[in-house]
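Let me begin by presenting the structure, written as structure tokens, before commenting on it.
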Amino acid sequence: MLTPRRIQIFKAIVDEFIKTAEPIGSKALQERYHLAYSSATIRNDMQVLEEMGYLEKTHTSSGRIPSTMGYRFYCEALLDESNLDKRMEVAIRDAFEASAMNVDEAIRQSCEIVSEMTNMTAGAIGPDASKQRLEHIKLFPLDEKNAVCVFITDQGHTETRNFHFNQSVSVQDLETTTDILNRRLKGVALTALASRLEDVKPELGAVVQRHDVLFTAFLRAFIRFANDTVYFSGKDKVLFQPEFEDINKMKKLMGMFEDENVWKQMDENANAVALTTRGGSQLTWVNDLAVVRSKFRLNEEDSGELMVVGPSRMEYDRIVPLLDYVARMIEEAYRKGDDHD
């Protein structure tokens, strides 16, 4: 039975392990948290908590650590989702208000902010490309071999790509290509752009001198634009956590970062333990890995997710409210950008 005393002891164990990554015994727990119970009582309750599945014993120590089931209970019953550090709140709001950003820039900056504030890997799953259509292309030449291309969708999203050409391309070729693509590809689903570009190739070949160079550049951009919907910042940070010192775990995690379907289908993993908190954040544990996610909605049909990836031993009371706040700021930034447009 989870009595108030056992819950207090359990919470102290979780808090201690999050800070130190070290198992803790009953005597040390009593002294560090000034618990008003004897060491023997704490030890007996730790044994009961282990039998209930909330704690587990490591092979190298007599102390206990939280189990996946324990973390789930901690986040379900003991987590304060309103406990956002005011300094973080001010810093985040200032960062968003300091610059005018489109939604894609807001998402990427959010990942960088969250990664720095949590010292964890932060990521985002962007809006589903299959639900968006191309609205307009803008191409800005920098010099004869470099240009910046901006893709704008019917949902108001923008994506920027830097083009580097192996051969010199004239401004006239850039303008003609842009005009043709805007005329022929407007309204085409992003996932179909690459295949539809093949239909435009003969027209480009007839009027554009460097049509082969430009065709290749746009083909690569369309393929990436349609599929590159998962972004990470600070991927190396998680590797400094003791849970991932094992080289095999490190390699597996790096492989996960390269496969966007892993993150889109996280809850379908057979080994996953999932929880939706009272505030709506989604938490998933897979072995030693924990993923905290918070959804943001850009309009009635378009949405995405921010996430923090780290060991199960993460500061949920800081990360969950932080991620939720940043997700709300993305929604605000998008609405401001939409109003401005």
Side-chain angles (χ1 to χ4, degrees), residues 99-109 124-232 258-261 263-264 298-304 333-334 337-341:
S99 59
M101 298 176 290
N102 59 50
V103 67
D104 303 287
E105 292 168 339
I107 291 171
R108 290 178 183 266
Q109 177 169 300
I125 299 176
D128 187 352
S130 66
K131 297 180 180 179
Q132 300 183 66
R133 296 180 179 275
L134 182 68
E135 180 65 26
H136 196 68
I137 297 171
K138 295 180 179 180
L139 202 55
F140 303 95
L142 301 177
D143 54 44
E144 291 183 345
K145 291 188 176 182
N146 294 279
V148 174
C149 188
V150 179
F151 301 92
I152 304 169
T153 77
D154 62 339
Q155 300 293 333
H157 305 319
T158 64
E159 186 78 9
T160 302
R161 291 285 181 262
N162 294 319
F163 285 177
H164 176 72
F165 310 117
N166 294 326
Q167 304 175 45
S168 297
V169 178
S170 68
V171 173
Q172 182 60 50
D173 275 358
L174 294 176
E175 291 177 350
T176 302
T177 300
T178 304
D179 289 342
I180 292 172
L181 295 184
N182 278 324
R183 175 166 46 82
R184 295 286 300 275
L185 299 181
K186 179 178 180 178
V188 174
L190 299 188
T191 51
L193 284 174
S195 60
R196 289 289 295 274
L197 186 61
E198 288 286 347
D199 300 334
V200 184
K201 192 173 184 178
E203 185 174 350
L204 290 176
V207 296
V208 178
Q209 184 177 2
R210 298 294 188 189
H211 61 89
D212 53 339
V213 175
L214 287 164
F215 177 85
T216 300
F218 275 101
L219 181 62
R220 290 174 178 171
F222 286 153
I223 291 173
R224 186 179 175 191
F225 190 23
N227 296 294
D228 188 14
T229 59
V230 178
Y231 173 80
F232 286 103
E258 298 303 318
D259 184 357
E260 66 177 37
N261 288 324
W263 310 100
K264 293 180 178 179
L298 305 175
N299 52 50
E300 292 183 0
E301 297 182 353
D302 221 356
S303 64
Y334 177 77
D338 194 41
D339 293 341
H340 178 73
D341 290 343

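Throughout, numbering of the chain's residues begins at 1 and tracks the sequence.
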Close side-chain approach of [X] and [Y], heavy atoms under 4.5 Å:
X	Y	result
L134	T153	no
K138	T178	no
Q167	K145	no
F215	T177	no
I137	I152	no
L214	D173	yes
F140	V150	yes

>> Could you work out, with side chain to side chain donor-acceptor pair (under 3.5 Å) as the rule, every residue matching N146, not counting sequence neighbours?
In response: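 Result, side chain to side chain donor-acceptor pair (under 3.5 Å) vs N146: D143, H164.
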> For T216, what residues pass the side chain to side chain donor-acceptor pair (under 3.5 Å) criterion, not counting sequence neighbours?
Replying inline: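 T216 satisfies side chain to side chain donor-acceptor pair (under 3.5 Å) with no other residue.
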>> Could you walk me through whether R196 and L185 satisfy the side chain to side chain contact (heavy atoms under 4.5 Å, CB included) test, starting with their C-alpha distance in whole Å, then the side-chain angles of each, then the deciding distance to 0.1 Å, before giving a yes or no?
In response: CA-CA 7 Å; R196 289 289 295 274; L185 299 181; 3.9 Å; yes
> What pairs meet the salt bridge (Lys or Arg N to Asp or Glu O under 4.0 Å) rule with one or both residues in residues 200-219, with sequence neighbours excluded?
Replying inline: R183-E203, R184-E203
>> Measuring from atom CG of L142 to atom CG of N162, what distance do you get when rounded to the nearest 0.5 angstrom?
In response: 7.5 Å
>> Can you confirm whether D199 is buried at CG, in the sense that more than 12 heavy atoms of other residues, nucleotides or ligands lie under 6.0 Å from that atom?
In response: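 Buried by this count: over 12 neighbours within 6.0 Å.
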>> side chain to side chain contact (heavy atoms under 4.5 Å, CB included), that's the test. Do N166 and V213 meet it? Break it down for me.
In response: CA-CA 8 Å; N166 294 326; V213 175; over 6 Å; no
> Given F232 and W263, is the ring pair (Phe, Tyr, Trp, His ring centres under 6.0 Å) satisfied, shown in steps?
Replying inline: CA-CA 11 Å; F232 286 103; W263 310 100; 5.2 Å; yes
Do you know which two heavy atoms are closest between [X] and [Y], and how far apart they sit?
X	Y	answer
H211	L204	CB-O, 3.6 Å
P141	A147	CA-CB, 4.0 Å
R133	G187	NH1-O, 2.8 Å

>> Go through it in stages, so that I can follow the logic: the residues are F218 and C149, the test is side chain to side chain contact (heavy atoms under 4.5 Å, CB included), and I'd like the CA-CA distance, side-chain angles, deciding distance and then a yes or no.
In response: CA-CA 9 Å; F218 275 101; C149 188; 3.7 Å; yes
> Checking side chain to side chain contact (heavy atoms under 4.5 Å, CB included) for the pair L139/L181: CA distance, chi angles, key distance, verdict?
Replying inline: CA-CA 11 Å; L139 202 55; L181 295 184; over 6 Å; no
> Going by the angle between their ring planes, with limits at 30° and 60°, are F163 and F165 parallel, tilted or perpendicular?
Replying inline: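 F163 vs F165 ring planes: perpendicular.
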